[in-house]
Q: 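I have a structure I would like to understand better, so I am pasting it below and will then ask my questions one at a time.
Just so you know, these numbers use all the heavy atoms, side chains as well, and skip hydrogens, waters and symmetry mates.
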Amino acid sequence: MARVYKYILPEVRAELGNWRRMAETIPDPELRKQAIDSMTAKEFHCQGGAVYAAANLASRDVLIPLIVALQTISDYLDNLCDRSTSLDAEDFRLLHRSMLDAVTPGAATCNYYELRSEQDDGGYLHALVKRCQSCAERLPSYRHVQEEVRDLVSLYGDLQVYKHIDRSLREPRLLEWWDRHSPRYPELKWNEFAAATGSTLGMFMLFLAASDEKLEPSAGRFIREAYFPSINGLHILLDYLIDQQEDELGGDLNFCSYYASQEELDERLQRMVQAARLAADRLPFARFHRMIVEGLVALYLSDPKVRDQRNVRRTARLLMRGSPWTRVFFWLNTHWIRKAM
């Protein structure tokens, strides 16, 4: 935490400041609005993701810009798909090609806005993609993790396409997608798989691993399988857990709403927490990964949204059982961190 406050958060703030200044010059008013709004509302995504750079401070000059740029692309595209002017699946797919290009050094950029009316972003999205590519190239072992990173980014893009199309098509498309992947993940329900694809944490962990010049070639797959689906899935299900009330009011898709009962939701989330803890414990430097898992639980369950949702408060108490570290992080979040943000 000392590293995070001394080095990570100030450098994340500086990186985002640079991207915000560029976003403010975007010629198209709709693209400009969504770019600025995404950074205003979701700055904590970059702050949380950049925690991975604290594990290798010597490489933070590469890791922080890479994580911030990729997360900024993700948040910007989420706004364009969720809050903007299109419901076209092919438009969403082309937009998310930018994320695949971003994690593929040497890939040629294209007009990612070709299938929508807004076009002129003044080079903003291309600049983000190029920033990611140049940083990835500087990671000494990126070749050992690139395939796994691309796989996670591809799944993330699929989710963004299917969950943002017309409401009448969302669930059928998500279920068809799950049918293609379900044999590989028999322990999951379809909504849990979809949630796991929505997290960028596995990508960021692979970036951190690639900063080690002695990384074993097989490590990429091992890390991916540790993070996906358990740690990734826990991350996004917690996000949906605390958003249930506002998503119900807004008529938005929420993956926690697909459980048959509150009891099933509680049981499945408890199972996901345990799976994430076991996955963290299998990784090298297990204490760091356990910190990530316990910190996620504490971060979401200390959110002010929890207070107004009785069922969520009950789930929170269940998830914090048996982990003194979660309770420590919860206390820090409630009494210190959130007040400092």
Q: In chain order, what residues pass the side-chain contact (heavy atoms from CB on, under 4.5 Å) check against Glu137, with sequence neighbours excluded?
A: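 By the side-chain contact (heavy atoms from CB on, under 4.5 Å) rule, Glu137 matches Pro105.
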
Q: Can we say Arg93 and Asp88 salt-bridge, meaning some charged N sits less than 4.0 Å from an Asp/Glu carboxylate O?
A: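 No, this pair does not count.
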
Q: Does Ile64 offer a backbone N or O that forms a donor-acceptor pair with the side chain of Glu11 under 3.5 Å?
A: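 Checked: no pair found.
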
Q: Under 3.5 Å, side chain of His126 to main-chain N/O of Cys110, donor-acceptor pair present?
A: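 Here the side-chain-to-backbone pair exists.
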
Q: Would you indicate whether Arg221, at its atom CZ, is surrounded by more than 12 heavy atoms from other residues, nucleotides or ligands within a distance under 6.0 Å?
A: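 Result for CZ/Arg221: open.
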
Q: According to the interplanar angle, ranging from 0 to 90°, do the rings of Tyr76 and Tyr124 count as parallel (below 30°), tilted (30 to 60°) or perpendicular (above 60°)?
A: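 Answer is perpendicular, since the angle exceeds 60°.
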
Q: When you look at Leu80 and Leu31, which way does the side-chain contact (heavy atoms from CB on, under 4.5 Å) test go after all the steps?
A: CA-CA 8 Å; Leu80 289 182; Leu31 298 180; 3.8 Å; yes

Q: With heavy-atom distances below 4.5 Å as the criterion, would you say the side chains of Glu114 and Asp91 are in contact?
A: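 No, side chains not in contact.
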
Q: For Ser199 and Ile236, indicate whether the former's side chain and the latter's backbone hold a donor-acceptor pair under 3.5 Å.
A: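 Not a single qualifying donor-acceptor pair exists.
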
Q: Mark yes or no for whether Asn254, through its side chain, and Asp247, through its backbone, hold a donor-acceptor pair below 3.5 Å.
A: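 Side chain of Asn254 to backbone of Asp247, a donor-acceptor pair under 3.5 Å: no, none is there.
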
Q: Can you tell me how far CG of Leu95 sits from OG of Ser86, rounded to the nearest 0.5 angstrom?
A: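 CG of Leu95 is found 7.5 Å from OG of Ser86.
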
Q: With ring centroids as reference points, do Phe92 and Tyr162 lie under 6.0 angstrom apart?
A: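 Phe92 vs Tyr162: aromatic centres not under 6.0 Å.
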
Q: Taking Arg3 for the side chain and Ala54 for the main chain, is one N or O donor matched with an acceptor at less than 3.5 Å?
A: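 Yes.
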
Q: Could you tell me whether Arg307 atom CZ has more than 12 heavy atoms of other residues or ligands within 6.0 Å of it?
A: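 Open: at most 12 neighbouring heavy atoms sit under 6.0 Å from CZ of Arg307.
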
Q: How about His96 and Tyr112: are their ring centroids closer than 6.0 Å?
A: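 No: the rings miss the under 6.0 Å criterion.
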
Q: Can Thr200 and Met203 be said to form a side-chain contact (heavy atoms from CB on, under 4.5 Å), step by step?
A: CA-CA 5 Å; Thr200 49; Met203 305 171 203; 4.0 Å; yes

Q: Hey, is Arg131 close enough to Glu15 for a salt bridge, meaning N to O under 4.0 Å?
A: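 Yes, this pair counts.
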
Q: Please list, chain by chain and in numerical order, all residues satisfying ring-ring contact (aromatic ring centres under 6.0 Å, His included) with Phe204, sequence neighbours excluded.
A: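 For Phe204 there are no ring-ring contact (aromatic ring centres under 6.0 Å, His included) partners, ignoring immediate neighbours.
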
Q: Any salt bridge between Arg150 and Glu147, counting N to O under 4.0 Å?
A: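 No, this pair does not count.
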
Q: Determine, using the 4.5 Å side-chain heavy-atom cutoff (strictly less than), whether Leu66 and Leu57 are members of one ILVMFWY cluster.
A: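 Yes, it is one cluster - the side chains of Leu66 and Leu57 are joined through contacts under 4.5 Å.
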
Q: Output yes when Glu264 and Arg271 qualify as a salt bridge under the 4.0 Å nitrogen-oxygen rule, no when they do not.
A: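 Here Glu264 does not pair with Arg271 in a salt bridge, since their nearest N and O are not under 4.0 Å apart.
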
Q: Could you walk me through whether Glu176 and Arg173 pass the salt bridge (charged side-chain N to carboxylate O under 4.0 Å, His left out) test, one step at a time?
A: CA-CA 5 Å; Glu176 290 170 6; Arg173 295 293 182 270; 3.7 Å; yes

Q: Should the pair His181 and Trp177 be assigned to parallel (<30°), tilted (30 to 60°) or perpendicular (>60°) ring geometry?
A: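 Answer is perpendicular, since the angle exceeds 60°.
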
Q: Look at the side-chain heavy atoms of Ile, Leu, Val, Met, Phe, Trp and Tyr, link any pair under 4.5 Å apart, and say whether Tyr240 and Leu175 land in one connected group.
A: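 Yes, because Tyr240 and Leu175 connect within a single hydrophobic cluster, where side-chain heavy atoms sit under 4.5 Å apart.
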
Q: Is the CZ atom of Phe222 crowded by more than 12 outside heavy atoms at less than 6.0 Å?
A: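 Atom CZ in Phe222 is packed in, count exceeds 12.
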
Q: Compare all side-chain heavy atoms of Ile73 with those of Ser98 and state whether any distance is below 4.5 angstrom.
A: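 Yes. Closest side-chain heavy atoms under 4.5 Å.
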
Q: Mind checking side-chain contact (heavy atoms from CB on, under 4.5 Å) for Pro229 and listing every partner two or more places apart, or none if nothing turns up?
A: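 Tyr185, Glu187, Leu188, Ala196.
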
Q: Yes or no on side-chain contact (heavy atoms from CB on, under 4.5 Å) for Cys46 and Thr72, after CA distance, side-chain angles and deciding distance?
A: CA-CA 7 Å; Cys46 291; Thr72 299; 3.8 Å; yes

Q: Hey, does His144 have a side-chain heavy atom less than 4.5 Å from the side chain of Glu216?
A: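 No, too far: nothing below the 4.5 Å cut-off.
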
Q: So if you build clusters from Ile, Leu, Val, Met, Phe, Trp, Tyr with side-chain heavy-atom gaps below 4.5 Å, do Leu94 and Ile165 land together?
A: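 Different clusters: Leu94 never reaches Ile165 through Ile, Leu, Val, Met, Phe, Trp or Tyr contacts under 4.5 Å.
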
Q: Start with the C-alpha distance between Arg32 and Thr25, add both sets of side-chain angles, then the distance that settles side chain to side chain donor-acceptor pair (under 3.5 Å), and finish with yes or no.
A: CA-CA 7 Å; Arg32 182 171 65 248; Thr25 69; over 6 Å; no

Q: First locate atom NE2 of His289, then atom CG of Leu283, and finally report the distance between them rounded to the nearest 0.5 Å.
A: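 Interatomic distance, His289 NE2 to Leu283 CG, rounded to 0.5 Å: 4.5 Å.
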
Q: Sequence neighbours excluded, which residues qualify as side-chain contact (heavy atoms from CB on, under 4.5 Å) partners of Ser59?
A: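 Applying side-chain contact (heavy atoms from CB on, under 4.5 Å) to Ser59 gives Asn56, Leu63, Ser211.
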
Q: Are side-chain heavy atoms of Leu319 and Tyr300 found at a separation under 4.5 Å?
A: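 A side-chain contact is absent here, since even the closest heavy-atom pair is not under 4.5 Å.
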
Q: Looking at CG of Asp212 and CG of Leu139, how far apart are the two atoms once the value is rounded to the nearest 0.5 Å?
A: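 The distance works out to 11.0 Å.
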
Q: Holding to ring-ring contact (aromatic ring centres under 6.0 Å, His included), I want the full list of residues that pass it with Tyr259, two or more places apart in sequence or in another chain.
A: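 ring-ring contact (aromatic ring centres under 6.0 Å, His included) check on Tyr259 returns nothing, list empty.
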
Q: Output, in order, the C-alpha distance, side-chain angles, deciding distance and verdict of side chain to side chain donor-acceptor pair (under 3.5 Å) for Thr109 and Asp101.
A: CA-CA 7 Å; Thr109 56; Asp101 290 344; over 6 Å; no

Q: How many angstroms lie between CG in Asp75 and CG in Leu16, if you round to the nearest 0.5 Å?
A: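 Nearest 0.5 Å value for the CG-CG distance: 9.0 Å.
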
Q: Could you go through the side chain to side chain donor-acceptor pair (under 3.5 Å) check for Glu30 and Ser84 one step at a time?
A: CA-CA 8 Å; Glu30 176 63 15; Ser84 195; 2.7 Å; yes

Q: So, does Gln309 use its side chain to make a donor-acceptor pair with the main chain of Lys305 at under 3.5 Å?
A: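 Yes; judged by distance alone, with no hydrogens or angles, the pair exists.
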
Q: Evaluate the criterion side-chain contact (heavy atoms from CB on, under 4.5 Å) for residue pair Arg290 and Asp281; output intermediate values, then yes/no.
A: CA-CA 7 Å; Arg290 278 298 294 267; Asp281 290 344; 3.0 Å; yes

Q: Could you check whether any side-chain N or O of Arg224 sits under 3.5 Å from a backbone N or O of Gly202, counting only pairs where one atom can act as donor and the other as acceptor?
A: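 Not at all, since once roles are kept as given, no pair shorter than 3.5 Å links the two residues.
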
Q: Using only atom types and a distance under 3.5 Å, with no angle test, would you say the side chain of Ser74 pairs donor to acceptor with the backbone of Leu70?
A: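 Checked: no pair found.
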
Q: Is a side-chain N or O of Gln119 found less than 3.5 angstrom from the main chain of Tyr113, in a donor-acceptor match?
A: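 A pair under 3.5 Å: yes.
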
Q: If I take atom CD from residue Gln71 and atom CE from residue Met99, how far apart are they, to the nearest 0.5 angstrom?
A: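 Gln71 atom CD to Met99 atom CE measures 7.5 Å (nearest 0.5 Å).
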
Q: Is there a side-chain contact between Leu237 and Leu269 in this structure, where contact means two heavy atoms from C-beta onward sitting under 4.5 Å apart?
A: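 Heavy-atom side-chain distance check passes, below 4.5 Å.
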
Q: Output the distance between atom CD (Gln160) and atom NE2 (His164), rounded to the nearest 0.5 Å.
A: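 Nearest 0.5 Å value for the CD-NE2 distance: 5.5 Å.
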
Q: Would a distance-only check, ignoring hydrogens and angles, find a side-chain to backbone donor-acceptor pair under 3.5 Å from Arg170 to Lys163?
A: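 Yes: the side chain of Arg170 pairs with the backbone of Lys163.
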
Q: If the condition is side-chain contact (heavy atoms from CB on, under 4.5 Å), which residues does Asn311 pass it with, not counting sequence neighbours?
A: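 Here the qualifying residues are Gln262.
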
Q: Do the side chains of Leu301 and Leu241 get nearer than 4.5 Å, heavy atoms only?
A: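 Sidechains of Leu301 and Leu241: in contact.
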
Q: What's the verdict on side chain to side chain donor-acceptor pair (under 3.5 Å) for Lys33 and Asn79, showing C-alpha distance, side-chain angles and the deciding distance?
A: CA-CA 10 Å; Lys33 178 183 185 304; Asn79 272 30; over 6 Å; no

Q: Check the orientation of Trp178 and Phe193. Use parallel for under 30°, tilted for 30 to 60°, and perpendicular for over 60°.
A: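 Geometry flag for Phe193 against Trp178: tilted rings.
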
